[in-house]
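What follows is a set of notes on a single structure, which appears directly below.
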Amino acid sequence: MASTMTNSKASPAGVAFLAGISAGALAALLFAPKSGQETRRQLKDAATNARRKAQETMQEQQDKASKAIDKAAATTSDSVQK
């Protein structure tokens with residue numbers, strides 16, 4: 001039973017993790033003595049990396065949920081057959 005979760009909710013730990021990454025990246029960029037062009041490039045790179053990490057985390061959570069659903073369905077099926 002491979003289903004996708006379209007209405008998934010972000011876990012508080014995941015949201016806090018991403019917020020921490022964003023805050024740290026922004027602080028580092030604001031306090032670093034660099035040109036505007038270089039700072040914009042770094043901001044773009046940081047945003048791209050944060051988005052990639054968020055997508056990976058979301059996919060991992062969807063995979064875990066799918067496995068849990070499959071396991072529950074199998075357990076239920078086994079119980080019904082007995």
Side-chain angles (χ1 to χ4, degrees):
M1 174 186 231
S3 66
T4 59
M5 297 174 55
T6 56
N7 292 331
S8 63
K9 295 181 181 178
S11 70
V15 172
F17 176 74
L18 293 176
I21 287 175
S22 299
L26 182 61
L29 291 172
L30 292 175
F31 289 108
K34 297 182 181 183
S35 70
Q37 182 178 11
E38 190 172 350
T39 300
R40 285 189 297 275
R41 181 186 55 76
Q42 284 187 326
L43 282 170
K44 181 182 173 188
D45 291 345
T48 300
N49 290 337
R51 181 176 183 206
R52 179 188 50 77
K53 182 63 179 171
Q55 288 173 333
E56 289 173 0
T57 301
M58 187 169 70
Q59 185 62 48
E60 289 170 4
Q61 295 303 317
Q62 286 177 339
D63 291 344
K64 285 181 182 179
S66 180
K67 287 178 184 177
I69 290 169
D70 290 344
K71 184 177 179 181
T75 301
T76 302
S77 178
D78 289 345
S79 296
V80 169
Q81 288 178 1
K82 289 181 182 179

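Scored by the side-chain hydrogen bond (donor to acceptor under 3.5 Å, both in side chains) test, Glu56 finds Arg52 as partners (sequence neighbours excluded). When the side-chain contact (heavy atoms from CB on, under 4.5 Å) test is applied to Glu60, no partner is found at least two apart in sequence or on another chain.
The distance from the OG1 atom of Thr48 to the CG atom of Leu43 is 10.5 Å, given to the nearest 0.5 Å. In this structure, NZ in Lys44 is found 11.5 Å from CG in Asn49, a value given to the nearest 0.5 Å.
Lys64 pairs in a side chain to side chain contact (heavy atoms under 4.5 Å, CB included) with only one of the listed residues (Lys67, Gln62, Gln61), which is Gln61.
Smallest separation of non-hydrogen atoms from Leu18 and Ala54: CD1-CB, 3.8 Å.
Atom CD of Gln37 sits in a sparse spot, with 12 or fewer heavy atoms from other residues, nucleotides or ligands closer than 6.0 Å.
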